[in-house]
Chemist: 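What follows is a structure written as structure tokens; I'll ask about it next.
These numbers come from the heavy atoms of this one structure, side chains and all, not from hydrogens, waters or symmetry mates. When a ligand or atom number is given, it counts from 1 through the structure's own listing order. The model shown is predicted, which means the values in this text are computed figures rather than measured ones. Start at 1 with the first residue, then count along the sequence.
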Amino acid sequence: MRKKIVAGNWKMNNDYQEGMTLFSEVVHMVKAEVNSSTEVIVACPYIHLHSFGQMANGRIRLAAQNCHQAEKGAYTGEISVKMIESVGADFVIIGHSERRQYFNETNELLAQKVAIAIKQGLTPIFCIGETQQERESNRHFEVIREQLREGLFHLVKAEFQQVIIAYEPVWAIGTGLTASPGQAQEMHAFIRGEIAGVYNQEVADATSILYGGSCNPKNAPELFAQPDIDGGLIGGASLKARDFTDIAKVFNDRG
Ligand code: PGA
């Protein structure tokens with residue numbers, strides 16, 4: 001059975017105190033309401049990781065939103081995988097469309113980030129997704145295949161098995177437009193097929209593939225009911241403890 005995962009991506013929101021307040025609400029609600037079989041992850045800004053690590057009590061696991069591709073050195077302003085691990089995070093988001101778009105992160109660079117994260121024991125949540133224009137010109141499958149090939153498929157099987165994938169159509173992120181459950185399922189099945197082609201069916205069946213893009217408590221139940229959708233990467237709705245917990249609860253009665 002694949003792991004069911006609900007991960008919140010706070011992006012660049014909340015100062016230190018605001019973050020502390022929100023996180024303590026999330027810890028409280030998730031502990032009380034979400035089945036322990038659902039993995040709940042919060043990807044907060046770096047400044048929160050250490051404090052949240054002390055508050056999470058093992059129930060919520062932490063992710064950084066980015067990392068640098070080098071082990072260490074003269075890269076002013078950057079944060080390494082080792083640093084992230086040293087404050088208690090287990091995951092790192094790599095290749096979010098905002099990083100690709102605003103910070104010019106290419107598949108080639110992302111492949112390096114994935115490699116160092118895996119080598120040093122941090123689990124990548126690797127994001128892929130097509131733009132609206134790419135979907136309208138019917139290139140979405142091609143784009144996703146390329147992102148997978150160039151960003152992830154350099155990994156050997158044992159490394160790839162550490163990866164979580166998040167499919168986030170760029171046109172759905174922060175826009176209120178969600179992929180329909182059918183559109184999302186179609187792409188998730190395609191992604192799983194690509195993984196099976198490169199590694200094998202067993203590896204593909206064990207890979208958690210999350211959906212992201214305007215996911216909320218209303219649309220999550222139908223999205224998460226799709227056979228190839230194993231949870232969500234939640235942006236806006238993760239900034240409200242109630243909404244985030246309601247999304248994380250979706251798997252409660254599904255065993
Ligand atoms: P959204 O963001 O839920 O606000 O659309 C999702 C994401 O960017 O991970």
Side-chain angles (χ1 to χ4, degrees), residues 4-14 18-19 22-23 26 30 38-46 48-49 60-67 89 91-105 110 113-114 117 123-132 134-135 140 143-144 147-148 151-152 163-181 183-184 187-188 191 208-224 226 229-251:
K4 302 301 182 195
I5 300 169
V6 174
N9 175 12
W10 286 13
K11 309 191 180 182
M12 196 174 74
N13 292 294
N14 292 320
E18 291 162 348
L22 173 58
F23 191 72
V26 170
V30 166
T38 303
E39 179 102 88
V40 181
I41 300 171
V42 169
C44 55
Y46 294 128
H48 290 119
L49 285 173
I60 296 184
R61 297 175 77 195
L62 298 172
Q65 299 173 11
N66 181 32
C67 65
F91 304 87
V92 58
I93 297 176
I94 295 179
H96 191 280
S97 66
E98 287 149 16
R99 301 287 323 169
R100 293 174 185 265
Q101 188 181 347
Y102 305 135
F103 302 93
N104 303 318
E105 296 197 354
L110 298 173
K113 293 191 177 198
V114 167
T123 299
I125 302 174
F126 189 74
C127 301
I128 52 181
E130 81 285 357
T131 63
Q132 179 144 31
E134 287 161 346
R135 181 165 279 265
H140 44 301
V143 168
I144 294 298
Q147 290 174 345
L148 287 168
L152 275 188
V163 175
I164 297 166
I165 293 178
Y167 168 59
E168 302 203 302
V170 179
W171 47 273
I173 296 178
T175 57
L177 293 173
T178 320
S180 69
Q183 282 173 322
M187 186 58 88
H188 282 229
I191 294 165
S208 293
I209 308 177
L210 315 183
Y211 169 79
S214 299
C215 200
N216 60 42
K218 267 210 167 115
N219 59 33
E222 207 184 336
L223 284 161
F224 295 0
Q226 304 305 310
I229 300 185
D230 306 307
L233 181 55
I234 318 301
S238 73
L239 299 172
K240 292 189 188 131
R242 181 72 270 151
D243 285 359
F244 183 61
T245 307
D246 284 347
I247 297 170
K249 270 163 71 171
V250 165
F251 291 113

Chemist: Using a 4.0 Å heavy-atom threshold (strictly under), name the region of Ala237 that reaches ligand 1: side chain, backbone, both or neither.
Modeler: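 The answer is neither; Ala237 stays 4.0 Å or more away.
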Chemist: Supply the atom-to-atom distance Thr38 OG1 to Lys249 NZ, rounded to the nearest 0.5 angstrom.
Modeler: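 Going from the OG1 atom of Thr38 to the NZ atom of Lys249 covers 11.5 Å.
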Chemist: I'd like to know whether Trp10 forms a side-chain contact (heavy atoms from CB on, under 4.5 Å) with Phe244, so could you lay out the CA-CA distance, the side-chain angles of the two residues, the decisive distance to 0.1 Å, and finally the verdict.
Modeler: CA-CA 11 Å; Trp10 286 13; Phe244 183 61; over 6 Å; no
Chemist: Pull out every atom of ligand 1 sitting under 4.0 Å from any heavy atom of Asn9, numbered as shown with elements.
Modeler: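 Listed by number with element, the hits are 9 (O).
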Chemist: Taking atom CD as the centre, does Gln226 end up with more than 12 heavy-atom neighbours from other residues, nucleotides or ligands that are less than 6.0 angstrom away?
Modeler: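 It does: Gln226 CD has more than 12 such atoms within range.
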Chemist: Looking only at distances, please establish whether an N/O atom of ligand 1 is found under 3.5 Å from an N/O atom of Glu98.
Modeler: no
Chemist: Please report which non-hydrogen protein atom sits nearest to atom 7 (C) of ligand 1, along with the residue it belongs to and the distance in Å to one decimal place.
Modeler: Glu168 OE2, 3.2 Å
Chemist: Can you list the atoms of ligand 1 that are under 4.0 Å from a heavy atom of Ala172?
Modeler: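 Listed by number with element: 5 (O).
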Chemist: Taking atom CD1 of Ile164 and atom CD1 of Ile5, what is their separation to the nearest 0.5 Å?
Modeler: 3.5 Å
Chemist: CG of Leu233 to CD1 of Ile165: how many Å apart, nearest 0.5 Å?
Modeler: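 Those atoms lie 13.0 Å apart.
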Chemist: For the atom pair OH (Tyr46) and CG (Asn66), what is the distance rounded to the nearest 0.5 Å?
Modeler: 4.0 Å
Chemist: Within the supplied structure, the quantity of interest is the number of heavy atoms (other residues, nucleotides, ligands) at a distance under 6.0 Å from Lys240 NZ; does it exceed 12?
Modeler: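 Counting other residues, nucleotides and ligands, NZ of Lys240 stays at 12 neighbours or fewer.
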Chemist: Using a strict cut-off of 4.0 Å, indicate which atoms of ligand 1 neighbour a heavy atom of His96.
Modeler: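 In order of numbering, the contacting atoms are 7 (C), 8 (O), 9 (O).
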Chemist: Below 3.5 Å, N or O to N or O, backbone or side chain included: is there any such pair between Gly174 and ligand 1?
Modeler: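 Between Gly174 and ligand 1, an N or O pair is found under 3.5 Å apart.
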Chemist: Enumerate the atoms of ligand 1 whose separation from the nearest heavy atom of Gly236 is less than 4.0 angstrom.
Modeler: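 Answer for ligand 1: 1 (P), 3 (O), 4 (O).
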Chemist: Out of curiosity, is Gly213 lining ligand 1, as in a heavy atom under 4.0 Å away?
Modeler: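 Flag set, Gly213 near ligand 1.
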Chemist: Rounded to the nearest 0.5 Å, how far does CZ of Phe251 lie from CD of Glu39?
Modeler: 12.0 Å
Chemist: Relative to ligand 1, is Ile173 under 4.0 angstrom through side chain, backbone, both or neither, heavy atoms considered?
Modeler: both
Chemist: In the protein, which heavy atom is nearest to atom 3 (O) of ligand 1, and how far is it?
Modeler: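 The protein heavy atom lying closest is Gly235 N, 2.9 Å.
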